Amino acid sequence: MINNKKISKFAISIIEKLKRNKYQGYLVGGCVRDLLCGIEPKDFDIATNATPEQVRKVFKASRIIGKRFKLVHIFNRSELIEVATFRAGEEKNNQGELIKDQSGKIIRDNIWGNLDQDTYRRDFTVNALYYCPISKKIIGHKDGIKDINQKKIVSIGDPQHRFSEDPVRSLRAIRFSNKLNFKIDKKIKEAIYEKGHLLSNISNARIFDEFCKIFLNGMAEKNFNKLNSFGLNKFLITTEPKVNKFSHNVIFEALRNTDRRLKNNQSVTPGFLIAALLWPNLINRSLTKGEINLRKFFRSMDPVLRNQQKITAIPRKFHSYIKDIWILQLKLHSRIGKQPYKTLKHPRFRAAYDLMLIREKCSCETKNLGKWWTDFQKNDDKLKKLLISSLKEKDMQESFKTFGFSKELI
Ligand code: ATP
Ligand code: MG
């Protein structure tokens with residue numbers, strides 16, 4: 001049923017080597033699921049009965065990572081494969097540790113087990129299939145293949161319990177249902193409503209990882225809508241689309257823009273998306289009587305970032321990147337003398353220009369700033385000068401004061 005040609009040769013070589021060393025090794029989870037659904041897997045995960053330390057000994061180019069959930073990364077020049085040791089359930093076992101907090105959330109999950117036990121530690125039946133590329137057999141959860149055929153996301157065990165153990169499973173259920181076009185089982189829906197609030201207990205680093213998987217996978221808008229229907233977006237983004245029309249428009253435009261870029265094989269970064277998604281927050285905080293107050297604008301940048309960081313970590317390297325993009329929005333409006341040349345040379349110009357285009361799409365009162373900058377970038381020096389001189393003082397002042405968006409949106 002699975003064509004080995006679609007599988008990473010490196011992953012297969014790892015399984016072969018595990019076997020030569022008398023360990024078990026299987027492809028597992030998302031890659032098996034995706035191959036059965038006719039989707040190209042984005043990565044290949046391996047499960048084994050060897051402990052992380054044993055795996056580490058067999059593979060020189062490897063490293064043990066994680067504390068809550070220990071794994072081994074095995075790498076070659078171009079690929080990185082994650083190898084997980086089979087986990088056991090909650091039965092007593094003194095080989096490792098499974099620790100929960102008061103809400104039932106697992107804070108450490110390192111009890112080793114066998115393949116059968118491992119199957120029941122996975123989240124959904126469709127994610128609990130194991131494939132051996134040598135025997136070409138698929139084993140694992142008895143309902144896995146059936147649920148793939150019936151296009152259903154079904155929890156392994158009671159989802160109320162499983163989502164308390166790990167609230168991120170709520171987000172995963174939604175993401176997989178959109179990615180695969182599968183229905184979410186009714187019991188899972190109920191558990192999302194009941195246990196979704198536990199997402200506020202998850203570390204901001206883990207939520208940031210999930211944020212990237214949800215919004216940088218080509219289905220940002222669809223995922224946002226489904227998350228909204230379960231009231232879960234507030235655990236990922238601090239901007240509320242309901243605050244005003246402007247917030248709503250910017251959020252959706254930013255998500256659509258990300259989806260479009262991925263479709264066209266253009267690069268995307270979480271930094272840009274966060275800059276765009278938080279823009280309405282920054283504006284709403286900077287307004288005085290419908291006009292931008294520059295002092296408030298500059299003072300609000302850090303608090304707006306900090307609020308978002310409480311829920312999703314934002315890697316350090318993106319902080320100045322995001323602020324640069326925001327500050328450049330102001331610079332894009334001032335088109336006097338040498339300023340446009342300086343703005344154009346800024347290393348973040350391209351990203352700032354992209355955000356400006358998003359803003360312009362969201363405002364009914366277009367000042368043609370986007371077109372002006374598109375022309376300015378394209379043209380030679382003579383025409384550049386002409387573009388600058390063609391601007392009327394009055395237009396400039398007006399555009400700067402209202403910042404190019406209409407007051408009635410706010
Ligand atoms: P994708 O890579 O497309 O996001 P995936 O299913 O491979 O999907 P991963 O996060 O790579 O997702 O995880 C690999 C496998 O590990 C999953 O298929 C699942 O079996 C298991 N898994 C991952 N996260 C969890 C979790 N939070 N709870 C239980 N099992 C999990
Ligand atoms: Mg995966």
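When a ligand or atom number is given, it counts from 1 through the structure's own listing order. In this text, all values refer to a predicted model and were calculated from it rather than measured experimentally. Only heavy atoms go into these numbers, but all of them, side chains included; no hydrogens, no water, no symmetry mates.
Judged purely by distance below 3.5 Å, without hydrogens or angles, the side chains of T238 and N307 never pair a donor atom with an acceptor atom. Counting only N and O atoms by type, the side chains of N284 and N244 include a donor and acceptor under 3.5 Å apart. Inspection of the T312 and Q308 side chains reveals an N or O donor paired with an N or O acceptor under 3.5 Å.
Between F235 and F211, the gap from one ring centroid to the other reaches at least 6.0 Å. Between Y120 and H141, the ring center distance clears the sub-6.0 Å criterion. Here F10 and F44 keep their ring centres 6.0 angstrom or further from each other.
Residue nearest to atom 23 (C) of ligand 1, selected from E210, R172, R121: R172 (by heavy-atom distance). Around atom 15 (C) of ligand 1, the closest heavy atom drawn from H141, R122, R162 belongs to R122.
The K213 neighbourhood of ligand 1 comprises atoms 10 (O), with distances under 4.0 Å to a heavy atom of that residue. In summary, the atoms of ligand 1 found under 4.0 Å from a heavy atom of G29, numbered by their order in the structure, are 18 (O). Listed by atom number, the atoms of ligand 1 under 4.0 Å from N127 heavy atoms are 6 (O), 18 (O), 19 (C), 20 (O).
The N, O or S atom of D43 with the smallest distance to the Mg ion (ligand 2) is OD1.
Nearest non-hydrogen protein atom to atom 2 (O) of ligand 1 is K42 NZ, 2.8 Å. From the protein, the heavy atom lying nearest to atom 3 (O) of ligand 1 is K179 NZ, 3.0 Å. Annotation: atom 30 (N) of ligand 1 to nearest protein heavy atom, D123 N, 3.2 Å. Protein heavy atom at the shortest distance from atom 6 (O) of ligand 1 is R33 NH1, 2.9 Å. When only non-hydrogen protein atoms are considered, atom 28 (N) of ligand 1 lies nearest to R169 NE, 2.8 Å. Nearest protein heavy-atom neighbour of atom 4 (O) of ligand 1: R175 NH1, 2.8 Å. For atom 5 (P) of ligand 1, the closest heavy atom belonging to the protein is G30 CA, 3.7 Å.
Not a single heavy atom of F124 sits less than 4.0 Å from an atom of ligand 1. Heavy atoms of E82 come nearer than 4.0 angstrom to ligand 1 in no pair at all.
Looking at R206 against ligand 1, only its side chain comes within 4.0 Å, counting heavy atoms. Heavy atoms of D43 found under 4.0 angstrom from ligand 1 belong exclusively to the side chain. The part of D45 lying near ligand 1 is the side chain, judged by heavy-atom distances below 4.0 Å. At a heavy-atom cutoff of 4.0 Å, ligand 1 is contacted by the side chain of D166 but not by its backbone.
Tested against D123, the residues R175, R172, R169 include a single salt bridge (charged side-chain N to carboxylate O under 4.0 Å, His left out) partner, R172. Partner C362 forms a side chain to side chain contact (heavy atoms under 4.5 Å, CB included) with one of V250, L357, I251 and no other, that one being V250.
Taking the centre and axis of the six-membered ring of Y26, the NZ or CZ atom of K19 falls inside the cone set by 45° and 6.0 Å. For the pair R350 and F272, the cation-pi criterion (under 6.0 Å, within 45° of the ring axis) is not fulfilled.
The number of heavy-atom neighbours closer than 6.0 Å to NZ of K57, taken from other residues, nucleotides and ligands shown, is 12 or below.
The Mg ion (ligand 2) has no N, O or S atom of E82 closer than 2.8 Å.
Salt-bridge annotation for E190 and K187: absent, with no side-chain N of the basic residue lying under 4.0 Å from a carboxylate O of the acidic one.
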